[in-house]
A.B. asks: 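Structure below; questions to follow.
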Amino acid sequence: MRWMATVLVFLGFSACDQSRSSSGGKPLVVATTTMAADLVSRIAGDRVELRGLMGPEVDPHNYIPTLPDSSLLERADVIVYSGLHLEGRLQGTLEAMAGRGKRCVVLADGVGEERLLSPQQGFEGTPDPHFWGDPLLWRDTIPSVVMALSEVLPGSAAEFETGGRELADELLELHAWAKSRLQEIPAERRVLVTSHDAFFYFGRAFGVEVRGLQGVSSAAEAGLKDRSDLVAFIRLRGIRSLFGESSVNDKGILAVAKEAGVSVSPEPLFSDAMGRPGDRVEVAGESYDRGTYVGMIKHNVNTIVGGLK
Amino acid sequence: MALAGDAITHSVLPGIVAGFLLGGSLDSPWLLLGAALAGLACVLLIEFLHHTLALREDAATGIAFTTFFAVGVLGLRLFASKIDLDPDCVIFGSLETVVHGARLSFRSMQVPAAFVSGAGAVVVGVLAVMVFGRRWTIGAFDPLHARCLGFEDGRARAVLLGWTAMMVTSAFQSVGAILAVALLVQPGACGLLVARRVPGVLIVAGLHSVLSALCGFYLAWFAAINAASAMVLAGFAWLCIAWGYSLLRGGRGA
Amino acid sequence: MIEWLHTAAGTAMTAAFLLGISGGLTGVFVVSRRMALTGDMLSHAVLPGVVGGILWGPGRHPLVVLGCAVVAGLVAAGLLMALMRSTRLKSDAALGIVLSVFFALGLAMISKWKPGGVQAYLFGQAAAISSGDLILLACSSGVVVLGVIFGFRVLLVSSFDPQHARLLGIPVGWVDRCFFIALSVSVVVAMQAVGVVLVSALLVTPAIAAARMSRRLVSQAWWACGFGVAGALVGVWLSLLRPGLPTGPLMALSLAVLFVAAALFGPRDGLLQRGLGRMRQRRRIDTENLLKSAWVLMEERACSELAIDILAERVGVSRKGIRRCVASLVRECDAELVESGFSLTPSGRRRASEIVRRHRLWELYLMRRADYAADHVHDDAERAEHWISGEMEQGLAKMLNHPDVDPHGSIIPRGVEREEGR
């Protein structure tokens, strides 16, 4: 009896909701992760009303939508999400909505299946979702976004196309820059140890060996054996610095570092979420906003080089 | 028997895990079946521990549901690759997304599946109350009298427990394990505080759940908090009002 | 040694040891005060405190979190008391309400402010236990141990008989409050290792297993510590075997296994003992029945030796069964094996006649004193003959005026006492 009341109320309000139109006549685009939001904003600029669900330091694996989020998704003209169960709690919902005709862009679809990695810890089924670690793969998601936006706002199709191309070029440059920077670290010291397995694509793109404490999803608990195995690995390879992540609790990695007698980098890496928009820093003569995709990659690369060189 | 409900909400986890392994997705009927069976098994275990090993009921409940829950969590981790169920779902529930989930077509109307199962549960519930209501009432308030009247309270009790297990299971996906307890207990408690006779209790209870769902919804909307918890908190607010009313009216046993 | 303490295994094992002790000791009193489900309620109710502590305290300081959690627990307890005293709601309904409301508050806070590190409290993360956590755990376990040692008598009396305790001048209210605080602390530190739901396992299971081993509270306390430590250590060991295994559930399951072992083999009403006891009793009854039948047959045929076949035919039991009973009779020196079968020794004959006497006395009693019909008394007497004691036999004989003949006309054998009296 109780649930009926609940769902009934819910249904009622959802129905009411749909009658509300988006403000200002601009199409509403809802992006889940901060990276996805940044992608859309770079391509579309001011032409659409962009709303991001998650903020900085929010872990997409664990993200639980609120009622306002739910309503936002319902009202959106386009939903852009990463896919491959990165947004674990939302995926089922989003797929169901797509099935009912909602225009959804699954960024992971832009990357060909053969380029996706299967996770290291014997995960059957879904590939590793952290493909934005490789700027070239991120570049491949642009066309699908441009297409979706063009369908919704045909008048600005040309502008979207241009925006997309500019971003693509920038990502190419970024890839080259990152590669050369990371080569500054001698090969045997180029090992990245982080809180969870978020950097395999990054590692593959730039020749860095990667190892995480937890598996692909930060929602799973790191077992005792995972921790002691990692400590053994650190000792064996003589790794000197570990890296925390902005969106993941660092207690685990700190414990590992303490046991192995190494330090954790004072600056966490951005794995599943970017920095705060407008957070400009200047490193090695270069200034960038850590709240953007480009800034995020640059921050990660600089931090890693700083820690491992 | 309120905490039997709490125990059941925790004990259904291994059933859900097993159901997921068999069915493959969150919408599979195996899930519900597995959960109901697990809940029932837990209750039977509690009874066994209580009667055969002469454990007190609270101690028996404690051991039984923690063991079941532990098996469930272990299963979740061991088969994590095959199961797309994160443990948070067990705790937080997903009212926010249940409406967007699987939908069934009903003569050109799209209805969320959860609504259908909820409605089904209501029908079953009303039938159950009609058939067993008198027995449960007497059994609850005066077990001796029940036995004199020839109501085998064993069977009626088993049905009540079974029904609770099914309710919990169907609520599981919406509000999560631990808050399902609130939805079991709060309306009834409110009813008991306000009304004097059983029909009154049931009506007040129904009213309470509707009101707390409504207020909770608004609370969750404006404060952007988890909907299930908001409904429990709203329910508690109404409960406090009822409590105040019962105190004014003369306190205990009034 | 210090090195080992810093490893994952070392930290976890130390934590397990400390948890086993504090959980076991606290649990013994939790169970005897019938607070098993209060423990569960507490583990849910402290959540808003934990979240508050994480958000408020700088850098998630464990002491701040613990403090806020204990405060939350106390508020919850206060609410529980208020509900139970001022309404007619029963304890389990009140517990359910308080538990879910506080937990809902905690969840609401989590969903709004998303504090980091709450996962560790909800599900337990043994791998993330830091040395700070260990120190806190050691201190709290130490306090529990000291409290139990020095306050044992006070705790004992106030747990089992609060009225008496008050008469003795023990401030029961304060003892209850202190115990509650100790429980809250135990719950919060345990949560980090096993998570919200399984805290009950650490508290309740060792204590209940201990109750199957002894009746005395002191022994139970030792057993509870032992079981708690053993279960927790085994849980840690198991989770070290494969990557990705959660420590908390393995601890809970190991403790459950220990409980099953205690329930089966425990000296206090162990199931195995009960089963064996029942088997032994069955065998005794069968043997006595056989003895009686043999005696009656020998009487009828006026012989002192009996062949197994004849007895088998009369009683309707297989030859093998008879042989088994005869063997045990021989062991008890009540029978001897002879060429043509077996015969009864004097003690055997005496034992048989006692049984027959009791049987016939009981039949007479039922007929004369309970108005049974003559054809209804036999089955009852068949059962009664095995448990009527010597004293009862004498009492029956006296009550019936030392009869010589039973309802069916058979002679009631003389009692042992009468024989000697002759």
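Each chain gets a letter, A, B and so on, in the order its sequence line appears, and its residues count up from 1. No hydrogens, no waters, no symmetry mates; every other heavy atom, side chains included, goes into these values.
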A.B. asks: Counting only heavy atoms closer than 4.5 Å, note whether L55(B) contacts chain C via side chain, backbone, both or neither.
C.D. replies: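 The side chain, not the backbone.
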A.B. asks: Are any of the side-chain heavy atoms of W243(B) and S86(C) separated by less than 4.5 Å?
C.D. replies: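 They are in side-chain contact.
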A.B. asks: With a 4.5 angstrom heavy-atom cut-off, which part of A82(C) approaches chain B: side chain, backbone, both or neither?
C.D. replies: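 Its backbone and side chain both get close to chain B.
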A.B. asks: Between CG of L83(C) and CG of L193(B), what distance do you get to the nearest 0.5 Å?
C.D. replies: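 Between atom CG of L83(C) and atom CG of L193(B) there are 8.0 Å.
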A.B. asks: Sort out for me which of V199(C), L105(C), V194(C), T38(C) touches chain B most, counting heavy-atom pairs under 4.5 Å.
C.D. replies: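 Top count of heavy-atom pairs under 4.5 Å with chain B: L105(C).
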A.B. asks: With side chains defined as the heavy atoms from C-beta onward, is the minimum distance between L74(B) and P246(C) less than 4.5 Å?
C.D. replies: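 Yes, side chains in contact.
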A.B. asks: For residues M109(C) and I225(B), determine if any side-chain heavy atom of one lies less than 4.5 Å from a side-chain heavy atom of the other.
C.D. replies: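 In short, these two side chains do not touch, never coming nearer than 4.5 Å.
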A.B. asks: Taking side chain as everything from C-beta outward and backbone as N, CA, C, O, which of these in L255(C) sits under 4.5 Å from a heavy atom of chain B? Side chain, backbone, both or neither.
C.D. replies: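 When you check distances to chain B, no heavy atom of L255(C) falls under 4.5 Å.
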A.B. asks: Find the distance between CG (L89(C)) and SG (C190(B)) and round it off to the nearest 0.5 Å.
C.D. replies: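 Taking CG in L89(C) and SG in C190(B), the distance rounds to 10.0 Å.
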A.B. asks: Roughly how far apart are L271(C) CG and L53(B) CG, rounded to 0.5 Å?
C.D. replies: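 Separation between the atoms: 5.0 Å.
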A.B. asks: Taking the side chain as C-beta and beyond, is there a heavy-atom pair between V98(C) and F236(B) under 4.5 Å?
C.D. replies: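 V98(C) vs F236(B): side chains apart.
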A.B. asks: What part of V204(C) lies closer than 4.5 angstrom to a heavy atom of chain B: side chain, backbone, both or neither?
C.D. replies: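 For V204(C), the side chain is the part near chain B, not the backbone.
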A.B. asks: Measuring from atom OG1 of T61(B) to atom CG of L37(C), what distance do you get when rounded to the nearest 0.5 angstrom?
C.D. replies: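 It is 5.5 Å, given to the nearest 0.5 Å.
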A.B. asks: So, taking the atom named OG1 in T52(B) and the one named CZ in R274(C), what distance separates them when rounded to the nearest 0.5 Å?
C.D. replies: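 It is 7.0 Å, given to the nearest 0.5 Å.
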A.B. asks: Contact part of I208(C) toward chain B, heavy-atom cut-off under 4.5 Å: side chain, backbone, both or neither?
C.D. replies: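 Just its side chain gets close to chain B.
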A.B. asks: Looking at A223(B), is its backbone amide N or carbonyl O close enough to the side chain of K112(C) to form a donor-acceptor pair, meaning the two atoms are under 3.5 Å apart?
C.D. replies: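 Yes; judged by distance alone, with no hydrogens or angles, the pair exists.
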A.B. asks: Might you point out which heavy atoms bring A104(C) and S229(B) nearest each other, and give the distance in Å?
C.D. replies: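 In terms of heavy atoms, the two residues are closest at O-CB, 3.1 Å.
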A.B. asks: Ignoring hydrogens, what is the shortest heavy-atom contact between S246(B) and T87(C)? Give both atom names and the distance.
C.D. replies: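 Taking S246(B) first and T87(C) second, the nearest heavy atoms are OG-CG2, 4.4 Å.
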A.B. asks: Which bit of F259(C) comes within less than 4.5 Å of chain B, counting heavy atoms only: side chain, backbone, both or neither?
C.D. replies: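 The side chain, not the backbone.
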A.B. asks: Checking heavy atoms, do the side chain of L245(C), its backbone, both or neither come under 4.5 Å from chain B?
C.D. replies: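 It is the side chain, since no backbone atom gets that close.
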A.B. asks: Under a 4.5 Å heavy-atom cutoff, which of A256(C), G39(C), A108(C) has the most pairs with chain B?
C.D. replies: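 Of A256(C), G39(C), A108(C), A108(C) has the most heavy-atom pairs under 4.5 Å with chain B.
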A.B. asks: Is there a side-chain contact between F65(B) and D40(C) in this structure, where contact means two heavy atoms from C-beta onward sitting under 4.5 Å apart?
C.D. replies: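 The answer is yes, as the side chains (C-beta and beyond) meet within the 4.5 Å cut-off.
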A.B. asks: Is L219(B) in contact with chain C via its backbone, its side chain, both, or neither, using a 4.5 Å heavy-atom distance?
C.D. replies: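 Neither part; nothing is under 4.5 Å.
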A.B. asks: Using a cut-off of under 4.5 Å for heavy-atom pairs, which of V73(B), L239(B), L233(B) has the most such pairs with chain C?
C.D. replies: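 The candidate making the most pairs under 4.5 Å is L233(B).
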A.B. asks: Tell me which of these, M251(C), R242(C), R212(C), has more heavy-atom pairs under 4.5 Å with chain B than the rest.
C.D. replies: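 Ranked by contacts with chain B, first place is R212(C).
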A.B. asks: Is any side-chain heavy atom of V31(C) closer than 4.5 Å to one of R56(B)?
C.D. replies: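 Yes, their side chains come closer than 4.5 Å.
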A.B. asks: Below 4.5 Å from any heavy atom of chain B, which atoms of M35(C) appear? Answer side chain, backbone, both or neither.
C.D. replies: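 Interface part for M35(C): backbone (N, CA, C, O).
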A.B. asks: Side chain, backbone, both or neither: which part of A189(B) has a non-hydrogen atom closer than 4.5 Å to chain C?
C.D. replies: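 Looking at A189(B), backbone and side chain both touch chain C.
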